[in-house]
Novice: 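Sharing a structure here in structure tokens format.
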Amino acid sequence: MEEKNFFDKVYEVAKQIPYGRVTSYGAIAKYLGAARSARMVGWAMNNSLTKDVPAHRVVNRVGVLTGKHHFDGSNIMQQLLENEGIPVKENQIVDFQKYFWDPALEL
DNA sequence: GCGGTGACCAGCG
DNA sequence: GCGCTGGCCACCG
């Protein structure tokens, strides 16, 4: 029961991302105990797009909206982040480290 | 049932 | 200092 798959864990963590905060694939992967599996985290986000998971709050380790291309429009991901008070410039989050939320650190 | 792929990250040359 | 390769697990064809 508690032993969910990697995907399910990613969904749970992504859902726990607080408002106005962002995290990285590596942070989630590391929290799950597999920092080297960050690739799969991104793939999980791809499936999370059809779920209630705020995938727009998840970016790479440098704060770049790598997955924006997977959203409906082109700047949808950026609009969502700015709507939460997170400044985004050139598909990159400004002061990313300031808004960075580490699940392994706060959970 | 098997092989390839995927929104990445970190180490090594 | 920069560039490339390896690694991890689940889903798609």
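All chains are named by letter (A, B, ...) in the order of the sequence lines, taking the proteins before the strands, and each is independently numbered beginning at 1.
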Novice: Go through residues 38-57 of chain A and report each residue with a non-hydrogen atom lying under 4.0 Å from DNA chain C, sorted by number.
Specialist: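 Going residue by residue through residues 38-57 of chain A, the ones with a heavy atom under 4.0 Å of DNA chain C turn out to be A:Arg39, A:Met40, A:Trp43.
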Novice: Measuring only between side-chain heavy atoms, which start at C-beta, is A:Ile86 closer than 4.5 Å to A:Leu80?
Specialist: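 Contact flag for A:Ile86/A:Leu80 side chains = no.
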Novice: Could you state the CZ-C1' distance from A:Phe7 to C:dC11, rounded to the nearest angstrom?
Specialist: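 In whole Å, C:dC11 C1' and A:Phe7 CZ are 6 Å from each other.
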Novice: Using whole Å, what does the distance between atom C1' of nucleotide B:dA7 and atom CD1 of A:Ile93 come to?
Specialist: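 Rounded to the whole Å, the gap is 13 Å.
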Novice: For A:His69 and B:dA7, what is the distance between atoms NE2 and P respectively, to the nearest whole Å?
Specialist: 9 Å
Novice: Output the rounded distance in Å from CD1 (A:Ile28) to C1' (B:dA7).
Specialist: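 Checked: the CD1 to C1' distance equals 11 Å.
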Novice: Which one, B:dC9, B:dA7, C:dC11, comes nearest to the side chain of A:Arg61?
Specialist: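 Taking heavy atoms from C-beta onward, the closest nucleotide is B:dC9.
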Novice: Does some side-chain heavy atom of A:Leu65 sit less than 4.5 Å from a side-chain heavy atom of A:Gln78?
Specialist: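 They are in contact (side-chain heavy atoms under 4.5 Å apart), so the answer is yes.
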Novice: Using atom CZ of A:Phe96 as one end and atom P of B:dC9 as the other, report the distance to the nearest whole Å.
Specialist: 9 Å
Novice: Find the distance A:Leu81:CG to B:dA7:C1' and express it as a whole number of Å.
Specialist: 13 Å
Novice: Would you mind listing the cluster partners of A:Tyr11? Hydrophobic ones only (ILVMFWY), side-chain contacts under 4.5 Å, chaining allowed.
Specialist: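 A:Phe6, A:Phe7, A:Val10, A:Val13, A:Ile17, A:Tyr25, A:Ile28, A:Tyr31, A:Leu32, A:Met40, A:Val41, A:Trp43, A:Met45, A:Val53, A:Val58, A:Trp101, A:Leu107, all in the cluster of A:Tyr11.
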Novice: Look at A:Arg57 together with A:Glu84 and state whether they make a salt bridge at an N to O cut-off of under 4.0 Å.
Specialist: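 The answer is yes: the pair qualifies as a salt bridge.
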Novice: Starting the side chain at C-beta, find the nucleotide from B:dA7, B:dC9, C:dA10 nearest to A:Phe6.
Specialist: C:dA10
Novice: Tell me what A:Tyr25 touches on the nucleic acid: a base, only sugar-phosphate, or nothing, going by heavy atoms under 4.0 Å.
Specialist: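 The answer is base, as A:Tyr25 lies within the cut-off (heavy atoms under 4.0 Å) of a base atom.
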Novice: To the nearest 0.5 Å, what is the distance between CG on A:Asn60 and OG1 on A:Thr66?
Specialist: 4.5 Å
Novice: Does the side chain of A:Thr23 come within less than 4.5 Å of A:Pro103's, by heavy atoms?
Specialist: yes
